[in-house]
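Only one structure is covered here, and it is reproduced in the block below.
Remember, it's a predicted structure, so these values are computed and weren't measured experimentally. Numbers here are sequence positions counted from 1.
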Amino acid sequence: MASPIISVENLGKRYRLRHKAKVPYTTFRDAIAQGTRRLFTPRQLDSGEAASEEEFWALKDVSFEVQQGDVVGIVGRNGAGKSTLLKVLSRITEPSVGCVRLRGRVASLLEVGTGFHPELTGRENIFLNGAILGMSKAEIRSKFDEIVAFAEVERFLDTPVKHYSSGMYVRLAFAVAAHLEPEILIVDEVLAVGDTQFQKKCLGKIKDVASYQGRTVIFVSHQMNAVESLCNRCVMLQGGTVVADSRDVRSVVQSYLSADSQAAELKWTRQTTRHDNPYFAPRIMEITNTVGDASPYSRQTQLSVAIAADVEVNDSALTIGYDLYNENNDLVYRTYQTDGAEDTWPRIEPGFNVLESPIPMWLNEGRYRLCLRGGLHNRTWLFAESTDVPSVEFEIRGGLSESPYWQARRDGIVAPVVQWRKALT
């Protein structure tokens, strides 16, 4: 087996944090007295100025290997150690313990203007960055027009980059990093600074760099759709340590989202007689799926709702269904078991009944609340709009589409993946 292009062994990064003790409240007279004492006594720290120091490990015992051509997503909450890890891999900072072995040229995009000299023009910075990467002038010239076109900064090419906006900085910096053919490309969340169209353009370029050019990419993002779409491996950091590392990207993303999300109430169970009635007395209502995953779900997961109830009196006018609300409390849709042709309605009989219904997975990302609704048609409501009715909650994040242009939540309540075709003329 070929040697890994990146080897990280027992990596640790320690910082020393100094804390100045809180200065107690003093009056103006106290301040004059202290100043007078300092004139006649050697300089010493006041009790209120005493400083303390503590060790903080941003990374602890991190070990992994990356093969050439891998696209590795690094996920974790803010403060988990993601940016510190990328700075160590980029040789911006030295590790406190452990070692990192890199077999190839590295291009990093960790913050706006990484590697740029503010007094140099965009043109000069392209050649400067290429030289830092070990490229010859001829190699840089061969890619120059492609870089400028991608960055969309032709008009400002001979302007010092200190006059660039943050978006222009990012466009040019990413274009240089992606087109000068480093063996390893390291990209942090800095892409979020650019506009939406350019973000999509960058993500498409990363996919091209990895899939067709065989280069290695380390990618940090809080956009889980981008991580799922681009990466063939995912590493999750928590408190500076690796808590998950798998080529099953969705499983790692699911673990991250579950840890970072408020628990959803996927199941309601009868606790009181409040909702009892002779026509349809609910006992259980829950969200189910065939895979067994827990919320938040991917849109690729087929969800259903199951409603179990006791029926004493069989009434043909019974309609049972639910209302689905999004996190803004907007009604997304309403459905009953009587929506289709009459011969397709499920038969409800006296005794114990369980009704099931699939949940359409054209829902957008977000959190949803599903509320029981029903009654006797044109006669009376048994369950209507109220916070007291049986309800369950679930969340959808990730798996929006396989399109490289669809990396983030779309506007709108629903987000169907519509198949287009060219009409024959």
Side-chain angles (χ1 to χ4, degrees), residues 264-270 275-293 295 297-386 388-396 399-401 410 412-421:
E265 297 290 339
L266 300 175
K267 185 174 182 178
W268 173 91
T269 305
R270 176 184 183 272
H275 305 294
D276 285 1
N277 66 84
Y279 306 102
F280 195 87
R283 188 186 294 181
I284 295 172
M285 184 165 72
E286 64 179 328
I287 303 296
T288 64
N289 69 88
T290 56
V291 181
D293 291 339
S295 180
Y297 299 108
S298 163
R299 285 220 324 186
Q300 298 166 353
T301 305
Q302 180 54 63
L303 301 179
S304 298
V305 57
I307 305 170
D310 294 316
V311 174
E312 293 181 14
V313 178
N314 188 8
D315 194 312
S316 60
L318 180 66
T319 58
I320 290 296
Y322 62 84
D323 290 337
L324 187 73
Y325 296 92
N326 65 10
E327 53 201 5
N328 296 322
N329 210 35
D330 300 318
L331 178 63
V332 180
Y333 68 85
R334 174 177 294 163
T335 181
Y336 299 109
Q337 101 279 12
T338 54
D339 282 353
E342 190 169 352
D343 60 358
T344 66
W345 298 354
R347 185 184 297 274
I348 299 176
E349 300 175 332
F352 183 70
N353 294 259
V354 179
L355 300 180
E356 289 186 324
S357 169
I359 297 175
M361 291 310 284
W362 33 254
L363 299 176
N364 213 333
E365 281 196 321
R367 197 174 182 94
Y368 295 89
R369 179 169 52 91
L370 190 151
C371 301
L372 184 64
R373 188 180 183 88
L376 303 181
H377 186 60
N378 282 341
R379 284 158 53 190
T380 185
W381 286 110
L382 300 175
F383 314 100
E385 297 175 12
S386 167
D388 292 333
V389 300
S391 65
V392 290
E393 294 182 354
F394 63 94
E395 188 174 359
I396 294 175
L400 293 177
S401 169
R410 284 196 172 178
I413 293 178
V414 296
V417 179
V418 179
Q419 297 299 323
W420 286 68
R421 66 177 182 273

Considering residues at least two apart in sequence or located in another chain, which fulfil the side chain to side chain donor-acceptor pair (under 3.5 Å) criterion with [X]?
| X | answer |
| --- | --- |
| Y297 | none |
| N329 | R369 |
| N314 | none |
| R379 | D315 |

Could you state the interatomic distance from [atom1] ([X]) to [atom2] ([Y]), rounded to the nearest 0.5 Å?
| X | Y | atom1 | atom2 | result |
| --- | --- | --- | --- | --- |
| L266 | M285 | CG | CE | 11.5 Å |
| E395 | Y368 | CD | OH | 10.0 Å |
| I284 | K267 | CD1 | NZ | 4.5 Å |
| S316 | H377 | OG | NE2 | 10.5 Å |
| I307 | L372 | CD1 | CG | 5.0 Å |
| R270 | R283 | CZ | CZ | 8.0 Å |

- request: Any ring-ring contact (aromatic ring centres under 6.0 Å, His included) involving residues 310-330? Give me the pairs, sequence neighbours left out, ordered by first then second residue.
  value: Y322-Y333
- prompt: Can you pull the salt bridge (Lys or Arg N to Asp or Glu O under 4.0 Å) pairs that have at least one residue in residues 319-337, sequence neighbours excluded?
  reply: D323-R334, D323-R373, R334-E385
query: Where do S298 and M361 come nearest, in terms of heavy atoms and distance?
result: O-CE, 3.8 Å
field: Distance-minimising heavy-atom pair for A306 and T288
entry: CB-CG2, 4.5 Å
Could you list the donor-acceptor pairs under 3.5 angstrom formed between side-chain atoms of residues 347-359 and any protein atom two or more places apart in sequence or on another chain?
from	atom 1	to	atom 2	distance (Å)
N353	OD1	E349	N	3.1
N353	ND2	E349	O	2.6
N353	ND2	G351	O	3.1

Can you name the residues that form a side chain to side chain contact (heavy atoms under 4.5 Å, CB included) with [X], not counting sequence neighbours?
| X | answer |
| --- | --- |
| V414 | V332, W362, P416 |
| D339 | T335, Y336 |
| L382 | N277, Y279, L318 |

message: Under the rule for salt bridge (Lys or Arg N to Asp or Glu O under 4.0 Å), what residues qualify as partners of R410, not counting sequence neighbours?
response: none
- prompt: Between the side chain of Q337 and the main-chain N/O of I320, is any donor-acceptor distance below 3.5 Å?
  reply: yes
- request: Kindly indicate, with the supporting measurements, whether the criterion side-chain contact (heavy atoms from CB on, under 4.5 Å) is fulfilled by F394 and L324.
  value: CA-CA 11 Å; F394 63 94; L324 187 73; 3.9 Å; yes
- request: For F383, enumerate each residue passing the ring-ring contact (aromatic ring centres under 6.0 Å, His included) test, keeping only those at least two apart in sequence or located in another chain.
  value: none
